[in-house]
Amino acid sequence: MVMQTRTKFAHQLDDIQGLIIRLKEKCAADIRAAGLAAAGDHGAQEGVANGRKEEDRLRQSIEDQCLDAMLLQQPLIGDDLRFVSGAFRIVSDLSHIDGMTRDVAFLVEEVPDKVAGKICEEILAMSEQAAQMVSDAVDAFANSDVDLAAKVVEADEKVNSLYNSVEEKLVKLIRDGKSSAKYLPELLMVAKYFERIGDLAKRVAAWAIFRVTGEHKVEEKPSQAAGLE
């Protein structure tokens, strides 16, 4: 009976991991779509807005499965405990990211196509980098890959650098009153959202490290996008 329970529990953990991978793929796709929307692709914008039900369903399934696993296998110890507790927190972080991609879609709804030229290209690059970080961070957790998690943490510097470049250029355009300036604050806020998504991806990577080491350490820094929780 004990062996049967453990086998069922192992299958349940596999199911949770599969759901997290699916949620990661949807989340990364939405981040990229939000970047395309910021660059003027309104079809991508609609895709972000229409995907919420699927993501909500995946998150709820993961949370339900985690609770069931905790009830089935008591007490949870070692990697099992770290996996289930980490999964809960990762779902929360991905939920924050989901909300941010939808905020981006809302912000760019009225922004004319290509309003800021090359700045939109940099914002698109930010979204691509952030999406890859999220994907790699969840993969690192699923595969207990500390090296990949460390690469995610390092990749955040590229997102920060892109954000600083976008902020500098947008602030200058706003001050100069050029290039449809009334829309530029929205693009600055979009860049802040992608910078914050990079920070959240780094936090997911920290949960990947926690799964292996039992230690959860995230380098806290004043976010460029403070207040975008």
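Keep in mind that what you see is a predicted model, and the values were worked out from it rather than measured.
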- [ ] Spell out, yes or no, whether Leu148 and Ile20 are grouped together once hydrophobic residues are joined by side-chain heavy atoms under 4.5 Å, including indirect joins.
- [x] no
TODO: Following the transitive rule for hydrophobic clusters with a side-chain heavy-atom cut-off under 4.5 Å over Ile, Leu, Val, Met, Phe, Trp and Tyr, establish whether Val212 and Ile16 coincide in one cluster.
DONE: no
TODO: List the steps and the verdict of side-chain contact (heavy atoms from CB on, under 4.5 Å) for Leu124 and Glu128.
DONE: CA-CA 6 Å; Leu124 188 60; Glu128 175 59 35; over 6 Å; no
Task: side-chain contact (heavy atoms from CB on, under 4.5 Å) between Leu188 and Glu167, worked out - done: CA-CA 6 Å; Leu188 181 57; Glu167 181 185 47; 3.9 Å; yes
Could you grab the distance from atom [atom1] of [X] to atom [atom2] of [Y], nearest 0.5 Å is fine?
X	Y	atom1	atom2	result
Ser95	Leu23	OG	CG	9.0 Å
Asp30	Arg32	CG	CZ	11.0 Å
His11	Asp14	NE2	CG	7.5 Å
Ser61	Gln65	OG	CD	7.0 Å
Gln129	Glu157	CD	CD	11.0 Å
Met100	Ile31	CE	CD1	10.0 Å

Where [X] and [Y] come nearest, the two heavy atoms and their spacing:
X	Y	answer
Ala137	Val204	CB-CG1, 3.6 Å
Ala140	Ala208	C-CB, 3.6 Å
Gly198	Asp156	C-OD1, 3.5 Å
Ala34	Val104	O-CG1, 3.7 Å
Ala38	Leu187	O-CD2, 4.2 Å
Val166	Ala191	CG1-CB, 3.7 Å

Task: Verdict with reasoning, Arg102 to Glu55, per side-chain contact (heavy atoms from CB on, under 4.5 Å) - done: CA-CA 12 Å; Arg102 297 184 199 296; Glu55 295 197 16; 3.6 Å; yes
Is there a side-chain contact between [X] and [Y] (heavy atoms, below 4.5 Å)?
X	Y	answer
Arg82	Asp79	yes
Arg203	His96	yes
Met133	Glu154	no
Leu13	Gln17	no
Ile197	Thr101	yes
Ile123	Tyr163	no
Leu162	Glu195	no
Leu67	Phe88	yes

Task: Presence of salt bridge, Glu63 and Arg59, under 4.0 angstrom - done: no
TODO: Salt-bridge test for Arg89 and Asp93: reply yes if a basic N is under 4.0 Å from a carboxylate O, no otherwise.
DONE: no
Open item on the list: Using the side-chain contact (heavy atoms from CB on, under 4.5 Å) definition, which of the options Val91, Ile90, Asp15 pairs with Ile62?
Closed with: Val91
Open item on the list: Main chain of Asn143, side chain of Arg211: is a donor-acceptor contact present, judged purely on distance under 3.5 Å?
Closed with: no
Task: Backbone N/O of Asn160 and side chain of Asn164: donor-acceptor pair under 3.5 Å - done: yes
Open item on the list: Give me each pair satisfying salt bridge (charged side-chain N to carboxylate O under 4.0 Å, His left out) with a member in residues 132-153, each pair once, sequence neighbours excluded.
Closed with: Lys24-Asp139
Task: Phe141: ring-ring contact (aromatic ring centres under 6.0 Å, His included) partners, not counting sequence neighbours - done: Phe83
Task: Results of side-chain contact (heavy atoms from CB on, under 4.5 Å) for Ile209 - residues two or more places apart only - done: Val146, Ala149, Thr213
TODO: Would you check, one step at a time, whether the test salt bridge (Lys or Arg N to Asp or Glu O under 4.0 Å) holds for Arg57 with Glu54?
DONE: CA-CA 5 Å; Arg57 187 187 66 78; Glu54 173 65 10; 3.1 Å; yes
